[in-house]
Amino acid sequence: MRLKIINATIITPYRYIRNGSIVVENGVILEIKEGDIDFPDSDVIDAGGKYVAPGFIDLHIHGGGGHDFMDGTVDAFLKIAETHAQYGTTALVPTTLTSEKEDLLVTLDNYEKANATNLFGAQFLGMHLEGPYFALSQRGAQDPRYIRNPDPAEYEEVLAYSSSITRWSAAPELPGAIDFGKRLKQKGILAAVAHTDAIYEEVLEAYENGYTLATHLYSAMSGVTRRNAFRYAGTIESAFLLDMDVEIIADGVHLPAPLLKLIYKIKGPDRIALITDAMRAAGMPEGESTLGSLKNGLKVIVEDGVAKLPDRTSFAGSVSTADRLVRNMVKMADVSLLDSVRMMTATPARIMGVDQKKGTLAAGKDADIVIFDENIQVEMTIVKGKIIYEQKNRSVTTTNYES
Ligand SMILES: [Zn+2]
């Protein structure tokens, strides 16, 4: 399997290489440089001057194409992975909602099966468990019936059940949450603060004990509070002050332009991962949908590019795709295309610990590649050297090698 991409505006994402070429063998990048590379007997993709970037990496995603990872089927995993591949995503971390333990275990089983048969979608980077150890007061759209304090008997059972958990989000101020963070760190699992009312002193202790990421910054977390006359810094300020990584739902709805700019100004592109946090309606026409389980989930309405509660008093999930996140950072937050792509590629790869293989275009890395135009409309998505999505009206041309 030999592949050459020519005539590309390459985003590494640390610089542009104009009129660049990339050659790939057996799913791995062999060489990248300006100009042509002599590489006989290969398929050739002429990018026509379009942008060629590392594939997008989504650290926090629940669904898309009408499916949720907790639907209880392997097919849901595969369909979500294929849906988001159409928008440039080449790797993602399937995320759960708080639920009964049985539903969680079924989802973990389905992950294993889907991961073994996923040929046409974005790759899976392990499971993200979002909950159930959250502050009830910051539950957002998480079902309050299942929210509880960390219970070692329970989480040890889950950790023993599956070796595919790569991140877990919890509220660090709960009794037992520090021990929980230490345990995750020991297992090599990324611990993140989420759905939390913690003040700075609690976040600091958490940070020192394994919690290195803030889940969807600003959403379902404390800011400055007053107790009697005294002010306390909340989780948001703590994430700014400490060397924590943050992930943001840059769908253009959850965070307005000034907050996108503020976060970028304080944390910079090396500490920010763009996430979709998408629910099942991502990649679907607007209208009615269901948040969470099809059986007993919440009826929601999708309009204005976001899911809302039927009475429109609150958002009920994002329907974003990765291309839209990058576009918003460029158009709404005035961030350069290089930095915007970096927050969707190199930075999430480093946060998940997969940067040896993914997140940048460089020799020796997996050939996970996205080709898009000046409006960040995706024309082609490539995973490990294989084309898994081609836009119908693309201008990019492909020539297959005939032996
Ligand atoms: Zn989520």
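Counting from 1, the numbers follow the sequence of the chain as shown. Counting starts at 1 for both ligands and their atoms, following the listed order. These numbers come from a predicted model, not from an experiment.
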Enquirer: Can you list everything that forms a ring pair (Phe, Tyr, Trp, His ring centres under 6.0 Å) with His67? Sequence neighbours excluded, please.
Expert: none
Enquirer: Taking only residues two or more places apart in sequence or in another chain, which ones pass salt bridge (Lys or Arg N to Asp or Glu O under 4.0 Å) with Asp46?
Expert: none
Enquirer: Can you name the ring pair (Phe, Tyr, Trp, His ring centres under 6.0 Å) partners of Tyr146, sequence neighbours left out?
Expert: none
Enquirer: State whether a side-chain donor-acceptor pair under 3.5 Å links Lys4 with Ser21.
Expert: no
Enquirer: Assess whether a salt bridge exists between Glu100 and Arg145, defined as any Lys/Arg side-chain N lying under 4.0 Å from an Asp/Glu carboxylate O.
Expert: no
Enquirer: Centroid separation under 6.0 Å, is that true for the rings of Tyr200 and Tyr232?
Expert: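 No, ring centres 6.0 Å or more apart.
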Enquirer: Going by chain and residue number, what protein N/O/S atoms come nearer than 2.8 Å to the Zn ion (ligand 1)?
Expert: His60 NE2, His62 NE2, Glu130 OE1, Asp277 OD1
